[in-house]
Amino acid sequence: LSPTGTTNCQTTTYTNTATITTGNGGNASPQASVTVNCPSGTPTKTADASPVNAGQQIGFKITIPNTGQGDLTGVTLTDSLPTGSGLNWSLDAGTSTIPAGISCIVSGTAPAQQTLSCGTSPSTTGTFTVKAGTTLLLHVISPTAGGASCSTTTYTNTVNITTGNGGNANPQASVTVNCPSPNFNKTADAPSVNAGQQIGFKVTIGNGGPGDLTGVTLNDPLPTGNGLNWTLDAGTSTIPSGISCAVSGTAPAQQTLSCGTSPSTTGTFTVASGQTLLLHVISPTGTANCATTTYTNTANITTGNGGNANPQASETVNCPNATPTKTADASPVNAGQQIGFKITIPNTGQGDLTAVTLNDSLPTGSGLNWSLDAGTSTIPSGISCAVSGTAPAQQTLSCGTSPNTTGTFTVKAGTTLLLHVISPTAGGASCSTTTYTNTVNITTGNGGNANPQASVTVNCPSPSFSKTADAPSVNAGQQIGFKV
């Protein structure tokens, strides 16, 4: 009897011959052979992929191949699987190969320690045999977690394998789970604008990495209201390759901003490490039936591995409130007295009255010569006004943005433009009672148009002059007299 060795084992046939001599029975050399078969194979451990993004599955494959002519006996396998946030290991039977006579299992319950082990069926622990020409392949898999608490982690896994006749091994593999570093933000283009001006919002989904931000959805119901009609401003947006975004819906009904994996503009998409998705939506604002309104916009963002967010921003559309008027200083007046008109554009609203034009063709007539009375006028900063033209030709009152006295101008919220134009009047033999009607033409970009009117009547006298004597003649000593 003899044991056989396992170190540096090579399959060998041992032949044994016995030499026998006798004194009376002849001689003999009986022979027999025995072959010692050795197993052959190097256990390995590999990661399915590395790195992976948080939220994706990780896995390891353990392989014990036996390509030798002898069985690999007295095998033990113990694999303390990694622990960590979101890890929960299972043996994937569909991608594992377990020869007959061997049973394997993952024991333990996450988040506590879980262990992969095998044994001779039906046991899943102890020793087992990997027969010649077979391979034991075990594939263990686990989900990973993302979210706000996610931290990039490298999981190293070592399996401890001992055998009775093939040596021992401790193959090792590692997998890194990369977490994203998401940044969600929403801003308004401006805190407030005047009615008629553009409003806009920017929504940002940034990812500082090192992992991709996966399973992202964006649903952003945009505000509805007076004159609003939203579009995605491609020129001021940044949309990474592989993502498509659009504003759906038709104003005045609900419009929605959403994104998806190209070419879709809905569903889920991925913001890769180091990328930023910046979307800028813009809309005009209305002026008709204007009422100051604050529009609040909330973007609904969900992710598969970076948490969820609902960033919000607000923008106020301020409306002006102005009713232009025109009044005469007095009516009627007597010929030779001064006449005048006051034009008032008051803005008591919260928004500026923008793109205003004022054109006032002043009355013409005998003796009229119009001027702007600066002392009784109130002209806000930034506006200049003047009477142009020379009497008796047409004279016109107009305003503009300083230093211009024509064109458009703005009456800021809380200010009033008051213009007082005056003119002398003429009497004399040719005087004729006249009513002068004056209409000013006012247009605005966001407060409507107006044509207020006023009239003044200049009354002329109708004089009669005479002188008479009391009598054609009288006697001396009598009184004489005249009447004028």
Side-chain angles (χ1 to χ4, degrees), residues 188-200 226-228 233 236 282-293 315-327 329 340-364 369-391 393-423 438-454:
D189 289 358
S192 63
V193 299
N194 297 307
Q197 292 180 315
Q198 176 181 284
I199 61 173
N226 182 22
L228 299 189
D233 186 359
T236 54
I282 56 175
S283 173
T285 58
T287 59
N289 303 313
C290 188
T292 293
T293 304
E315 190 162 4
T316 299
V317 178
N318 288 322
C319 294
N321 183 19
T323 303
T325 61
K326 183 152 200 175
T327 58
D329 289 354
F341 294 100
K342 289 188 177 75
I343 302 161
T344 305
I345 305 179
N347 182 6
T348 59
Q350 294 173 281
D352 296 345
L353 185 65
T354 60
V356 184
T357 67
L358 183 149
N359 186 280
D360 189 350
S361 299
L362 300 167
T364 57
N369 188 11
W370 294 95
S371 62
L372 179 60
D373 186 357
T376 55
S377 296
T378 303
I379 303 176
S381 175
I383 304 174
S384 293
C385 303
V387 173
S388 61
T390 303
Q394 178 66 61
Q395 294 179 281
T396 302
L397 171 66
S398 63
C399 297
T401 301
S402 297
N404 294 316
T405 57
T406 60
T408 62
F409 59 94
T410 295
V411 181
K412 293 189 177 297
T415 66
T416 296
L417 173 64
L418 168 61
L419 302 176
H420 186 204
V421 287
I422 56 176
S423 173
N438 182 214
T439 302
V440 59
N441 300 305
I442 300 170
T443 65
T444 74
N446 64 345
N449 302 327
N451 304 101
Q453 186 180 85

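Position 1 is the first residue of the sequence, and the numbers go up from there.
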Can you give each donor-acceptor pair under 3.5 Å made by side-chain atoms of residues 414-421, sequence neighbours left out, with the distance rounded to 0.1 Å?
residue, atom, partner, partner atom, Å
Thr415, OG1, Lys412, N, 3.3
Thr415, OG1, Lys412, O, 2.7
His420, ND1, Thr376, OG1, 2.6
His420, NE2, Asp329, OD1, 3.1
His420, NE2, Asp329, OD2, 2.6

Measure the [atom1]-[atom2] distance between [X] and [Y] for me, rounded to the nearest 0.5 Å.
X: Leu362; Y: Thr439; atom1: CG; atom2: OG1; value: 11.0 Å
X: Ser423; Y: Gln395; atom1: OG; atom2: CD; value: 7.5 Å
X: Asn369; Y: Thr390; atom1: CG; atom2: OG1; value: 8.0 Å
X: Thr410; Y: Asp352; atom1: OG1; atom2: CG; value: 6.0 Å
X: Asn359; Y: Ile442; atom1: CG; atom2: CD1; value: 10.5 Å
X: Phe409; Y: Leu353; atom1: CZ; atom2: CG; value: 8.0 Å

Any donor-acceptor pair under 3.5 Å linking the side-chain atoms of [Y] with those of [X]?
X: Asn441; Y: Asn451; result: yes
X: Thr406; Y: Ser398; result: no
X: Ser192; Y: Thr316; result: no

Query raised in the report: Could you go step by step and tell me if Thr364 and Gln394 meet the side-chain contact (heavy atoms from CB on, under 4.5 Å) rule?
Result: CA-CA 6 Å; Thr364 57; Gln394 178 66 61; 4.1 Å; yes

Is there a side-chain contact between [X] and [Y] in this structure, where contact means two heavy atoms from C-beta onward sitting under 4.5 Å apart?
X: Ile345; Y: Asn347; result: no
X: Pro363; Y: Phe341; result: yes
X: Leu358; Y: Val440; result: yes
X: Ile343; Y: Leu397; result: yes
X: Asn446; Y: Asn194; result: yes
X: Ser388; Y: Thr405; result: no
X: Val387; Y: Ser371; result: no

Report task. With sequence neighbours left out, write down each residue that passes side-chain contact (heavy atoms from CB on, under 4.5 Å) with Ala291, or none if nothing qualifies. Result ->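 None.
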
Considering all heavy atoms of both residues, which atom of [X] and which atom of [Y] are nearest to each other, and what is their separation?
X: Ser377; Y: Leu372; answer: OG-CD1, 3.6 Å
X: Gln198; Y: Val193; answer: O-CG1, 3.8 Å
X: Gly286; Y: Ala195; answer: O-CB, 3.7 Å

Requested in this report: Show the numbers, then the answer: is there a side-chain contact (heavy atoms from CB on, under 4.5 Å) between Leu228 and Thr285?
Outcome: CA-CA 5 Å; Leu228 299 189; Thr285 58; 4.1 Å; yes

Query - Thr292 side-chain N/O to Cys319 backbone N/O, donor-acceptor pair under 3.5 Å - result: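 Yes.
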
Query raised in the report: Would a distance-only check, ignoring hydrogens and angles, find a side-chain to backbone donor-acceptor pair under 3.5 Å from Thr348 to Ala322?
Result: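 It does not hold such a pair.
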
